[in-house]
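In what follows, every heavy atom counts, from backbone to side chain, and hydrogens, waters and symmetry copies are set aside.
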Amino acid sequence: MPRWYPVYVSCDLEGDVRTLRRADGGVLLERPLERDDAEYTYAYSVVAGIPLRSHRASFTVAPSAAGSRIICHTEAEHDDPEGDIEAR
């Protein structure tokens with residue numbers, strides 16, 4: 001994760017919780033939801049660390065002319081109905 005998202009300096013998986021730590025001390029907790037190695041897909045949900053009512057993200061690796069393409073999809077709902085997730 002730190003290679004894809006340099007804001008995170010470490011990533012640990014313990015049980016069913018992935019903990020991402022930022023250099024400024026911020027912590028994000030995620031829960032893996034699905035993984036299909038045959039289909040090259042992975043899905044997870046943020047469960048703590050940012051103000052979200054719901055969250056689901058997925059990655060799929062697909063072949064492309066240059067080798068591989070990563071397709072990301074995220075659905076989220078902010079805790080605050082006035083919160084602007086896209087601006088965040």
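Criterion: ILVMFWY side-chain heavy atoms under 4.5 Å apart, direct or through other members. Under it, Val9 and Leu20 are not part of a common hydrophobic cluster. If you chain together hydrophobic residues whose side chains sit under 4.5 Å apart, Tyr5 and Leu29 never meet in one group.
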What's the verdict on side chain to side chain contact (heavy atoms under 4.5 Å, CB included) for Leu52 and Glu77, showing C-alpha distance, side-chain angles and the deciding distance? CA-CA 6 Å; Leu52 295 176; Glu77 184 180 1; over 6 Å; no
- Query: Which is it for Thr19 and Val27 under the side chain to side chain contact (heavy atoms under 4.5 Å, CB included) test, yes or no, and what are the steps along the way?
  - Reply: CA-CA 7 Å; Thr19 302; Val27 175; 3.7 Å; yes
Discussion item. What verdict does the side chain to side chain contact (heavy atoms under 4.5 Å, CB included) test give for Arg56 and Leu33, after you've listed the backbone C-alpha separation in whole Å, the side-chain angles of each residue and the deciding distance to 0.1 Å?
Written reply: CA-CA 9 Å; Arg56 179 183 169 81; Leu33 301 173; 3.3 Å; yes
Between Thr60 and Arg69, is the side chain to side chain contact (heavy atoms under 4.5 Å, CB included) condition met? List the steps.
CA-CA 8 Å; Thr60 301; Arg69 180 174 65 136; over 6 Å; no
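Considering only heavy atoms from C-beta on, Ser45 stays 4.5 Å or farther from Glu30 through its side chain. Looking only at side-chain heavy atoms (C-beta outward), Leu28 and Ile50 come within less than 4.5 Å of each other.
Judged as a ring pair (Phe, Tyr, Trp, His ring centres under 6.0 Å), the pairs with a partner in residues 38-60 (not counting sequence neighbours) are, in order, Trp4-Phe59, Tyr44-His55.
Taken from CG in Asp16 to CZ in Arg31, the straight-line distance is 4.5 Å, to the nearest 0.5 Å. Atoms CZ and OG, on Arg22 and Ser10 in that order, are 12.0 Å from each other to the nearest 0.5 Å. Expressed to the nearest 0.5 Å, how far OG1 of Thr41 lies from CG of Asp36 amounts to 4.5 Å.
Annotation: Arg53, atom CZ; neighbour count of heavy atoms from other residues, nucleotides and ligands within 6.0 Å is above 12.
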